[in-house]
Amino acid sequence: MLCALLAAALAVTAAPQEPALADLLERSDAAYARRDEPGALDEVRTTLEEAQRRAPEDYEVLWRLARLDFWLSDDPGLKDSEKSRLGKQGWDYGERAIRANPARVEGWHFAAAGMGNYSLGIGIFKALTQGIEGKFKDRLSHAEKIDPGFQHGSIPTAWGRFWFKLPWPKYDARKSERSLQAALAQNPDNVRARVYLADLYRKEGHGREAREQLEKALASEPGRYDPPEERRWQQVARGMLERK
């Protein structure tokens with residue numbers, strides 16, 4: 001009898017322990033920081049899926065899932081149908097994160113970000129008929145109130161693109177430029193903000209200013225704030241310069 005109990009105790013001790021939720025999130029964050037390297041996104045996805053299996057309504061899990069889907073939906077080469085699908089999925093995770101903890105910025109921010117890419121995927125006019133303009137402004141405004149400097153100037157960058165993407169008469173070049181300049185005041189290395197500003201200047205007929213912004217976007221080696229984000233938008237900047 002004693003031998004049997006000892007054997008059972010040893011078996012329990014020898015059984016592999018599942019990683020704690022915090023460990024999974026730490027591994028996911030480490031992989032996300034190098035998400036444009038081979039295999040890194042798979043690691044982000046698998047660790048978050050395991051975390052979600054254990055804690056399906058945990059705030060820390062939900063906002064990271066929203067962030068992952070935003071990154072995937074934000075790929076400049078993605079088809080519209082996939083952009084809208086992933087954007088909606090990220091938006092949904094963001095909404096669940098808001099319900100789990102409305103006092104934190106991440107849920108509001110990534111709900112708005114996913115909503116934005118969903119709208120781009122289905123088309124801005126269709127999105128407006130679905131009442132998304134007001135929903136987007138509400139979520140991004142909440143994020144801005146909680147942490148206006150969140151994620152290296154991403155909130156004013158999103159506002160800048162919002163005012164740019166709206167069709168006439170809602171399109172507002174002044175508000176777009178003001179928001180993008182505010183983003184660059186927060187983070188002068190913000191590559192996306194410079195690309196968006198170049199796009200705005202080009203649309204407004206300011207070719208020289210557009211080129212200057214693209215050249216500034218390419219002036220620094222990635223690594224100032226978010227290397228995968230910087231590399232992605234520097235690639236967009238190069239493409240815009242080549243098409244000019």
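Model, not experiment: these values are computed from the prediction.
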Novice: Is E212 paired with R208 through a side-chain N to carboxylate O contact shorter than 4.0 Å?
Specialist: yes

Novice: Hey, is the main chain of R232 close enough, under 3.5 Å, to the side chain of R192 for a donor-acceptor pair?
Specialist: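 No, the answer is negative, given that no donor and acceptor are paired below the 3.5 Å cut-off.
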
Novice: Please name the residue in the list L72, N117, L68 that meets the side chain to side chain contact (heavy atoms under 4.5 Å, CB included) test with L86.
Specialist: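 The option that passes is L72.
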
Novice: Using modelled atom types only, decide if a donor and an acceptor are shared between the side chain of S28 and the backbone of L24 within a distance under 3.5 Å.
Specialist: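 Not a single qualifying donor-acceptor pair exists.
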
Novice: Could you check whether R45 pairs with D42 (Lys NZ or Arg NE/NH1/NH2 to Asp/Glu carboxylate O, under 4.0 Å)?
Specialist: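 Salt bridge flag = yes for D42 with R45.
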
Novice: Would you call R139 and E95 a salt bridge, using N to O less than 4.0 angstrom?
Specialist: yes

Novice: Check for me, please, whether Y93 and L25 land in the same ILVMFWY cluster - side-chain distances under 4.5 Å, paths through other members count.
Specialist: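 Yes, same cluster.
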
Novice: Suppose we screen for side-chain contact (heavy atoms from CB on, under 4.5 Å). Which residues come up paired with T46, at least two apart in sequence or across chains?
Specialist: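 Once residues adjacent in sequence are excluded, T46 has no partner under the side-chain contact (heavy atoms from CB on, under 4.5 Å) criterion.
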
Novice: By salt bridge (Lys or Arg N to Asp or Glu O under 4.0 Å), which residues pair with E43, not counting sequence neighbours?
Specialist: R34

Novice: So for atom NZ, which belongs to K203, do other residues, nucleotides or ligands contribute more than 12 heavy atoms lying within a distance under 6.0 Å?
Specialist: yes

Novice: Using a strict cut-off of less than 4.0 Å between a Lys/Arg side-chain nitrogen and an Asp/Glu carboxylate oxygen, indicate whether D199 and K165 qualify as a salt bridge.
Specialist: no

Novice: May I ask you to say whether R85 pairs ionically with D80, meaning some side-chain N is under 4.0 Å from a carboxylate O?
Specialist: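 Salt bridge between R85 and D80, a charged N being under 4.0 Å from a carboxylate O: no.
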
Novice: Any ring pair (Phe, Tyr, Trp, His ring centres under 6.0 Å) involving residues 180-199? Give me the pairs, sequence neighbours left out, ordered by first then second residue.
Specialist: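 Qualifying pairs: Y196-W233.
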
Novice: Under the ring pair (Phe, Tyr, Trp, His ring centres under 6.0 Å) rule, what pairs show up with a residue in residues 201-227, not counting sequence neighbours?
Specialist: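 Checked against ring pair (Phe, Tyr, Trp, His ring centres under 6.0 Å) - neighbours excluded - the pairs reaching residues 201-227 are H152-Y225.
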
Novice: Please answer whether the main-chain N or O of G160 pairs with a side-chain N or O of R178 as donor and acceptor at a distance below 3.5 Å.
Specialist: no

Novice: Would you call E60-R64 a salt bridge at under 4.0 Å N-O?
Specialist: yes

Novice: Can you sort out the partners of P148 under side-chain contact (heavy atoms from CB on, under 4.5 Å), two or more places apart, ordered by chain and number?
Specialist: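 Partners of P148 under the side-chain contact (heavy atoms from CB on, under 4.5 Å) test: E144.
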
Novice: Checking one residue: F125. Which other hydrophobic residues are in its cluster under the side-chain 4.5 Å linking rule?
Specialist: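 F125 clusters with nothing; isolated.
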
Novice: Taking transitive links into account, so neighbours of neighbours count too, which hydrophobic residues share a cluster with W63 at under 4.5 Å side-chain distance?
Specialist: Y59, F70, W91, I98, V105, W108, F110, M115, Y118, L120, I122, I124, L128, I132, F136, L140, I146, F150, I155, W159, F162, W163, L166

Novice: So does D138 get a backbone contact from the side chain of S141, meaning a donor-acceptor N/O pair under 3.5 Å?
Specialist: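 No, the answer is negative, given that no donor and acceptor are paired below the 3.5 Å cut-off.
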
Novice: Can you name the nearest heavy-atom pair linking L62 to P56, along with the distance?
Specialist: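 It is CD2-O, 3.6 Å.
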
Novice: Would the distance check show the side chain of S179 and the main-chain N or O of K175 forming a donor-acceptor pair, the cut-off being under 3.5 Å?
Specialist: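 It does hold such a pair.
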
Novice: Within the side chain of R99, is there an N or O that forms a donor-acceptor pair under 3.5 Å with the backbone of E57?
Specialist: no

Novice: Quick one: list whatever passes salt bridge (Lys or Arg N to Asp or Glu O under 4.0 Å) with R27, sequence neighbours left out.
Specialist: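 So R27 forms no salt bridge (Lys or Arg N to Asp or Glu O under 4.0 Å) with any residue.
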
Novice: Holding to salt bridge (Lys or Arg N to Asp or Glu O under 4.0 Å), I want the full list of residues that pass it with E215, two or more places apart in sequence or in another chain.
Specialist: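 Counting only residues at least two positions away or on another chain, E215 forms a salt bridge (Lys or Arg N to Asp or Glu O under 4.0 Å) with R211.
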
Novice: Closer than 4.0 angstrom, basic N to acidic O: yes or no for E106 and R67?
Specialist: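 No.
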
Novice: Is any side-chain N of the basic residue among K79 and E82 closer than 4.0 Å to the acidic one's carboxylate O?
Specialist: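 Between E82 and K79 there is no salt bridge, as every charged N stays at least 4.0 Å from the carboxylate O atoms.
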
Novice: Check salt bridge (Lys or Arg N to Asp or Glu O under 4.0 Å) between E230 and all other residues, then give those that pass, not counting sequence neighbours.
Specialist: none

Novice: Under 3.5 Å, is there a donor-acceptor pair between the side chain of Q234 and the main chain of A217?
Specialist: yes

Novice: List in chain and number order the residues that pass side chain to side chain donor-acceptor pair (under 3.5 Å) with T157, two or more places apart in sequence or in another chain; answer none if no residue qualifies.
Specialist: N190

Novice: Taking salt bridge (charged side-chain N to carboxylate O under 4.0 Å, His left out) as the cut-off, I'd like each qualifying pair that reaches into residues 109-131, sequence neighbours left out, listed once.
Specialist: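 Sorted result for residues 109-131: empty, none.
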
Novice: Atom CD of residue position Q235 - does it have more than 12 heavy atoms of other residues, nucleotides or ligands inside 6.0 Å?
Specialist: no

